[in-house]
Amino acid sequence: MAAVLFNTFSFLREVYNQVKPYPTRTKYGLPPPHKCHVIISDEQIGDRPVLIIGDIHGCFDELQDLILQAKQRINNSDVFIVFVGDMLNKGPKNLEVLTLIRDLTENGAATAVKGNHEESLLREYRNMNQNKDYILSQKYQYLSKFSTDDFKYLLNLPYSLTIPRINSIVVHAGLVPGVPLEHQCLINICHMRNLVYNETVLGPVPVAHSKPEIGVAWGTLWKGPQHVYYGHDARRGLQDLPFATGLDTGCVYGGELTGIVIDKNGDKFFVTVPAKQTYYSNNDNH
């Protein structure tokens, strides 16, 4: 009888995960992008190796060094670059980073997902538009140099990228196992670090949590079949797991900037450059 009940609950939980409403709510009530989930086709990548880069946070010099190192390692100047979000904020050269990423994207050489820090600066942009007397804090003074097109680009960054050629998904923070991508909560995708299990009438249900000290790292429970590349978790550093790879190694905090190169055959290797200095001393993991 217990086995029958367990199987029934498991079936009902799976049905619920498949049919629950598409969640479009975002942090701070920001409007969602035109497409929350984007598929990168084989044609877009071609034969180029894919370079996925962790959280940059305005560390422009290190970003240039990392791209150069990757190109030298593969003896090829033509790579397709994917950014896992948190490209901006906290670091020294935010406009330079954004300009480079936009240029690469417009030339078909890169793409990116939205991170929680992109959401934060978009909140500040909204406040600026809604209140002409709004004063940016010191942390966000650099936004005064951004153009309207810069903000539009950031607003329309998707929350996930699916890359069939390398059987992978790229998000900023994480995914809840057992929930279809299109049904994942956008706030979780951008902010989660851990999973806790809540007991319900349908049995134990995994719930996302943003605090790294509560629950367990979500990537340790992700069983595929697609490999997930993500950032957002500088406290844990590089996470090289069977079906998930965390690439945030805390460059802005004086750590490293890390990427992973994946060629058309699926072979992969890490590239990393040390931070030139500590740009932001409070590693608050936000």
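Treat the numbers as computed from the prediction; the structure is a model and nothing was measured.
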| request: Over all heavy atoms of both residues, which pair between His57 and Val252 is shortest? Give the atoms and the distance, please. | output: CB-CB, 3.7 Å
| query | Could you give all pairs that pass the side chain to side chain donor-acceptor pair (under 3.5 Å) test and reach residues 159-173, with sequence neighbours left out? | reply | His37-Ser160, Asp86-His172, Asn116-His172, Glu119-Tyr159, His172-His232
| said: If hydrophobic clusters are built from ILVMFWY residues whose side chains come within less than 4.5 Å, do Leu30 and Met87 share one? | reply: yes
| request: Mark yes or no: Lys90 above the aromatic ring of Tyr280, with NZ or CZ under 6.0 Å from the six-membered ring centre and no more than 45 degrees from the axis. | output: yes
| said: Could you list the cluster mates of Val207? Members are the ILVMFWY residues connected by side-chain heavy atoms closer than 4.5 Å, either directly or through other members. | reply: Val196, Ile214
| Same cluster (ILVMFWY, side-chain, under 4.5 Å), Leu175 and Val113 | no
| said: salt bridge (charged side-chain N to carboxylate O under 4.0 Å, His left out), that's the test. Do Lys93 and Glu62 meet it? Break it down for me. | reply: CA-CA 11 Å; Lys93 297 182 178 180; Glu62 290 84 351; over 6 Å; no
| task | Kindly compute the distance separating CG (Asp103) from OG1 (Thr99), expressed to the nearest 0.5 Å. | result | 6.5 Å
| message | Within this structure, what is the CG-CG distance for the pair Leu143 and Asp150, rounded to the nearest 0.5 Å? | response | 10.0 Å
| said: Please check: side-chain N/O of Glu118 versus main-chain N/O of Leu88, any donor-acceptor pairing under 3.5 Å? | reply: yes
| request: Answer whether the closest heavy-atom distance between the side chains of Gln184 and Cys36 falls below 4.5 Å. | output: no
| remark: Scanning both residues in full, the closest heavy-atom pair of Ala70 with Val261 reads CB-CG2, 4.0 Å
| Polar side-chain atom of Thr278 near backbone of Ser281 as donor-acceptor pair, under 3.5 Å | no
| task | Please check if Tyr28 and Met128 belong to a single hydrophobic cluster, counting links between Ile, Leu, Val, Met, Phe, Trp and Tyr side chain heavy atoms closer than 4.5 Å. | result | yes
| task | Taking ring pair (Phe, Tyr, Trp, His ring centres under 6.0 Å) as the test, write out the residues that go with His227, two or more places apart. | result | Tyr229
| Would you call Lys114 and Leu186 a side-chain contact if the rule is heavy atoms closer than 4.5 Å? | no
Contacts table for residues 72-80: side-chain donor-acceptor under 3.5 angstrom, sequence neighbours left out:
{"residue": "Asn76", "atom": "OD1", "partner": "Asp78", "partner atom": "N", "Å": "2.7"}

| Is there side-chain contact between Ile187 and Cys190, with at least one heavy-atom pair below 4.5 Å? | no
| request: Just grab all the ring-ring contact (aromatic ring centres under 6.0 Å, His included) pairs involving residues 138-157, residues at least two apart or on different chains. | output: Tyr125-Phe151, Tyr142-Phe146, Phe146-Phe151
| message | Considering only residues two or more places apart or on different chains, which pairs with a residue in residues 254-278 satisfy salt bridge (charged side-chain N to carboxylate O under 4.0 Å, His left out)? | response | Asp65-Lys276
| query | Among all residues two or more places apart in sequence or in another chain, which pass the side chain to side chain contact (heavy atoms under 4.5 Å, CB included) test with Ala110? | reply | Ile81, Phe83, Leu104, Thr105
| message | Let me confirm one number: the CG-NZ distance from Leu98 to Lys145, rounded to the nearest 0.5 Å. | response | 13.0 Å
| Does Gln239 have any side chain to side chain donor-acceptor pair (under 3.5 Å) partners at least two apart in sequence or in another chain, and if so, which? | Tyr230, Asp233
| message | If you define the side chain from C-beta out and look only at heavy atoms, does anything of Lys152 sit under 4.5 Å from Asp149? | response | yes
| How far does CZ of Arg123 sit from OG1 of Thr26, to the nearest 0.5 angstrom? | 12.0 Å
| Closest approach of Ser210 to His191 (non-hydrogen atoms, all atoms of both residues) | CB-O, 3.5 Å
| field | Those residues that, when tested against Asp133, pass side chain to side chain contact (heavy atoms under 4.5 Å, CB included) (two or more places apart) | value | Asn131
| query | Side chains of Ile260 and Val271: does their closest heavy-atom pair fall under 4.5 Å? | reply | no
| Is the backbone of Ile45 close enough, under 3.5 Å, to the side chain of Arg48 for a donor and an acceptor to pair up by distance? | yes
| query | Quick one: OG on Ser41 to CD1 on Ile163, what's the gap to the nearest 0.5 Å? | reply | 10.5 Å
| Results of side chain to side chain donor-acceptor pair (under 3.5 Å) for Gln130 - residues two or more places apart only | none
| field | With sequence neighbours excluded, residues passing side chain to side chain donor-acceptor pair (under 3.5 Å) with Glu124 | value | Tyr134
| Do Pro164 and Ile39 touch side chain to side chain, with heavy atoms closer than 4.5 Å? | yes
| Counting only N and O atoms by type, is there a donor-acceptor contact under 3.5 Å from the side chain of Ser144 to the main-chain atoms of Gln141? | yes
| query | Hey, mind stepping through Lys139 and Asn89 against side-chain contact (heavy atoms from CB on, under 4.5 Å) and telling me if it holds? | reply | CA-CA 8 Å; Lys139 180 178 179 180; Asn89 224 15; 3.6 Å; yes
| message | Grouping I, L, V, M, F, W and Y whenever their side-chain heavy atoms are under 4.5 Å apart, do Leu51 and Ile101 come out in a common cluster? | response | yes
| Val38 with Ile53, same ILVMFWY side-chain cluster at under 4.5 Å | no
| note | side chain to side chain contact (heavy atoms under 4.5 Å, CB included) with Pro206: of Leu221, Val216, Val179, Leu195, only one passes, and it is Leu195
| Do Leu257 and Leu63 come within less than 4.5 Å of each other through their side chains, counting heavy atoms only? | yes
| message | Checking the side chain of Asp248 only, and the main-chain atoms of Ala234 only, is there a donor and an acceptor separated by less than 3.5 Å? | response | yes
| Atom pair CD1 (Ile56) and CG (Leu247), whose distance is rounded to the nearest 0.5 Å | 11.0 Å
| Looking at Thr220 and Leu241, what are the two nearest heavy atoms and their distance? | N-CD1, 3.7 Å
| Partners meeting side chain to side chain donor-acceptor pair (under 3.5 Å) with Lys71 (sequence neighbours left out) | none
| Which atom pair, heavy atoms only, marks the closest approach of Gly58 to Pro92? | O-CD, 3.2 Å
| request: Check whether any side-chain heavy atom of Ile262 lies under 4.5 Å from a side-chain heavy atom of Pro49, and answer yes or no. | output: no
| task | Tell me, with the steps shown, if Thr111 and Leu157 meet side-chain contact (heavy atoms from CB on, under 4.5 Å). | result | CA-CA 9 Å; Thr111 187; Leu157 287 173; over 6 Å; no
| task | Test Trp218 against Val176 for side-chain contact (heavy atoms from CB on, under 4.5 Å), laying out the working first. | result | CA-CA 7 Å; Trp218 74 270; Val176 176; over 6 Å; no
| Minimum heavy-atom distance between Thr258 and Leu66, given as atom pair plus value | C-CD2, 4.0 Å
